[in-house]
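Input: a single structure, listed below in C-alpha cells.
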Amino acid sequence: MPELPEVETVRRTLYDKLVGRTIARVEIITPRQVYHPDPDTFRAELEGIAFTDLKRRGKYLLLELGDRLTLVCHLRMSGHLFICDPGRPRDKHTHVIFHLNDGKELRYEDQRKFGGFHLLGPTGEGMPPGLRTLGPEPLSDDFTPQVLEQALAGRRSPVKAVLLDQSAVAGLGNIYVDEALFCARVHPERPAESLSPDETYRLHGCIRSVLERAVERRGTTFSLYFDGEGKSGDMYDELQVFDRTGAPCPRCGAPIVKLAVAQRGTHVCPACQPAPEGARLQPRRATPGRRGDSVAVAAEPPKPYKKKGD
DNA sequence: CGTATGCCCTGCGCGC
DNA sequence: TGCGCGCAGGGCATAC
C-alpha cells in the first residue's frame, strides 16, 4: 500500500529514466484505468510529448509533460509504475503502457484496478477531487505544529481517522499513521480535538520523523509495493507496531494489540498509548486470513512478505 | 460543514 | 486436495 514514502521513492527512481524522454505511443489495455479524459483524447494528447518534471503531492504522482500537461497517477492499493524493457513479459494486470523514444517502456500494473490516471491541462479540468482538497505536505516547511493543531481542532473523530483524511494532512496511510501515533504515545481512538498542546507537538514531530525515516529506507514493502525500478523498500523491519500484533513493544515490551479504528486495522501498544476514557478496550476480533496477523512469537521478528520475481 | 457508509476489485487464508 | 467465503484498503459518491 503506497503511502507518501513509497510514492516519493517511485518518483525518485523514475526521475532520471523519464525526464527528457518522449512518449512515442500510448497503449491502453484497460480503459477504465484512464479516468480523464476519454482514452482517445488521452492518447492523442500524450503521444509526441516529453516528460519535463516529476513531482509529488501526498500520494499523487505528478508527471509533467511539455509545458502545459500534467499526468496525475495514483497507485491506490496495488498500483505499480515502473520502467522496463519491451521484452519483459506482460503481467496479466498490465493496464497501460507508455512506449518511450529511448526504447524503454513505462508500465502501469494494478492487481486491484483501484488506481490510474488523470491527464490535466493548464486549467486543471478533470482533476481528481482529492487532489484539489489535499492538505499540507507533512515534510514541507508549511507543516508546523500550529497547522496540525488547526487540522485536529473541532474534530471529534478518532485522531487516526483525521490523520487518514487527506484534506487534513497529505500522504499518510494506515502504516505510517499507526507508527506516528505510537511514536507520539497517543492512542488512535482519542478524539482529535482532545489532544493536549504537548501531544499535538509530539505528534507533529513524529509524523515528520516517521515519514523521513521511511523515505530514507525507500518505503515499506508489506504486500505488493515496489518502486520505479522494481525494487522493494527496506522500512518493514523498522516498523514498531504495524503488522506486529502480539510481538513485544520495542519501548516497553508489552504485546502489541490489534484493534479496529475507523474501520481500519490498527496496531497499538496498550501500555504506551493509553486508551481514552470510555473507549472499547477489547481487542478487535482476530480476523482470519491476513498474512502477518498471526500472533508472532517474541523471539521471532516478523518476516516481510516480498513480492517475488522483480 | 462534519461524519458515516458502501462501493470499487482481486488475491489470499481459512474452514469445510 | 479443492472449493467458496469474506476480508483488506484509499478515495469518492452519497446520505444524513
Side-chain angles (χ1 to χ4, degrees), chain A residues 1-7 10 29-36 56-62 72-81 91-96 108-118 126-135 138 150-179 188-194 219-226 242-243 245 258-267 284-296 302-309:
Chain A
M1 35 188 118
E3 307 180 22
L4 186 154
E6 289 76 29
V7 179
V10 171
I29 297 151
T30 312
R32 64 175 304 161
Q33 307 313 127
V34 174
Y35 294 104
H36 180 89
R56 179 193 56 74
R57 270 288 276 138
K59 303 176 196 170
Y60 293 89
L61 204 52
L62 310 175
V72 179
C73 178
H74 201 299
L75 304 172
R76 294 285 184 102
M77 304 301 303
S78 56
H80 296 126
L81 196 61
D91 186 88
K92 64 188 273 203
H93 307 103
T94 303
H95 303 306
V96 183
Y108 181 71
E109 296 181 358
D110 191 343
Q111 285 194 357
R112 294 187 186 167
K113 300 182 183 172
F114 276 13
F117 298 94
H118 291 74
M127 181 183 294
L131 181 54
R132 204 178 293 273
T133 58
L134 204 58
Q150 274 304 304
L152 302 180
R155 300 193 61 167
R156 278 177 279 179
S157 302
V159 60
K160 171 158 181 171
V162 175
L163 294 180
L164 287 172
D165 177 354
Q166 301 298 296
S167 70
V169 182
L172 290 169
N174 211 35
I175 296 176
Y176 298 116
V177 165
D178 281 6
E179 293 296 310
E189 288 186 297
R190 293 274 304 282
E193 63 180 6
S194 78
T220 300
T221 293
F222 172 57
S223 56
L224 295 165
Y225 165 77
F226 57 82
F242 188 85
D243 198 36
T245 309
K258 186 166 184 179
L259 321 161
V261 179
Q263 280 90 264
R264 295 287 194 278
T266 299
H267 309 77
R284 172 185 208 249
R285 191 169 101 50
T287 53
R290 282 305 280 178
R291 177 177 33 246
D293 278 7
S294 56
V295 174
K303 289 179 298 232
Y305 172 79
K306 302 212 172 172
K307 187 187 201 304
K308 60 189 173 195

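No experiment lies behind these values; they were computed from the predicted model shown. Note on naming: letters A, B, ... go to the chains in the order of the sequence lines (proteins, then strands), and numbering restarts at 1 for each one.
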Within this structure, what is the CE-to-C1' distance between A/Met77 and B/dG11, rounded to whole angstrom?
12 Å
Any donor-acceptor pair under 3.5 Å linking the side chain of A/Gln111 with the backbone of A/His93?
no
For A/His74 and C/dC12, what is the distance between atoms NE2 and P respectively, to the nearest whole Å?
7 Å
Here the distance between atom P of C/dG11 and atom CG of A/Leu4, to the nearest Å, is 11 Å
Any strand, both distances under 3.5 Å, Watson-Crick or G-U wobble: B/dC16 pairs with C/dG2
Respond yes when some side-chain nitrogen or oxygen of A/Lys113 is under 4.0 Å from OP1 or OP2 of B/dC8, and no when none is.
no
Is a donor from one side chain sitting under 3.5 angstrom from an acceptor on the other, for A/Asp110 and A/His95?
no
Whole angstrom is fine here: how far is it from NE2 in A/His36 over to C1' in C/dG11?
18 Å
Do other residues, nucleotides or ligands put more than 12 heavy atoms under 6.0 Å from A/Gln150 CD?
no
Would you tell me if any nitrogen or oxygen in the side chain of A/Lys92 comes within less than 4.0 Å of OP1 or OP2 on B/dG11?
yes
OP1 or OP2 of C/dG10 sitting under 4.0 Å from any side-chain N/O of A/Arg264?
yes
Establish, with yes or no, whether the OP1 or OP2 oxygen of C/dG10 is under 4.0 angstrom from a side-chain nitrogen or oxygen of A/Gln166.
no
So which nucleotide from C/dG10, C/dG11, B/dC9 ends up closest to the side chain of A/Tyr60?
C/dG11
Under 4.0 angstrom, heavy atoms only, what part of the nucleic acid is A/Tyr35 near: base, sugar-phosphate, or nothing?
nothing
Could you tell me how far apart A/Lys160 (NZ) and B/dT3 (C1') are, to the nearest whole angstrom?
18 Å
Here the pair of heavy atoms bringing A/Arg155 nearest to A/Val162 is NE-CG2, 3.7 Å
Which nucleotide sits closest to the side chain of A/Arg112: B/dC9, B/dT5, C/dG10?
B/dC9
Taking atom types as modelled and ignoring hydrogens, do the side chains of A/Thr266 and A/Lys160 form a donor-acceptor contact shorter than 3.5 angstrom?
yes
Whole-Å gap separating P (B/dA4) and CZ (A/Arg156)
10 Å
Out of B/dT10, C/dG10, B/dT5, which nucleotide sits closest to the side chain of A/Asn174?
C/dG10
Tell me the interatomic distance from A/Gln263, atom CD, to C/dC7, atom P, rounded to whole angstroms.
13 Å
Looking at the side chain of A/Arg155, which of B/dT3, C/dA13, C/dG11 is the nearest nucleotide?
B/dT3
Identify which nucleotide among C/dG10, B/dT5, B/dT3 has an atom closest to any side-chain atom of A/Phe114, counting heavy atoms from C-beta outward.
C/dG10
Side chain to side chain, A/Met127 and A/Val72, heavy atoms closer than 4.5 Å
no
A/His93 side-chain N/O to B/dT10 phosphate OP1/OP2 under 4.0 Å
no
For atom CG of A/Asp243 and atom C1' of B/dG13, their distance in whole Å:
14 Å
Measure from the side-chain heavy atoms of A/Pro128 and tell me the nearest of B/dT5, C/dC12, C/dG10.
C/dC12
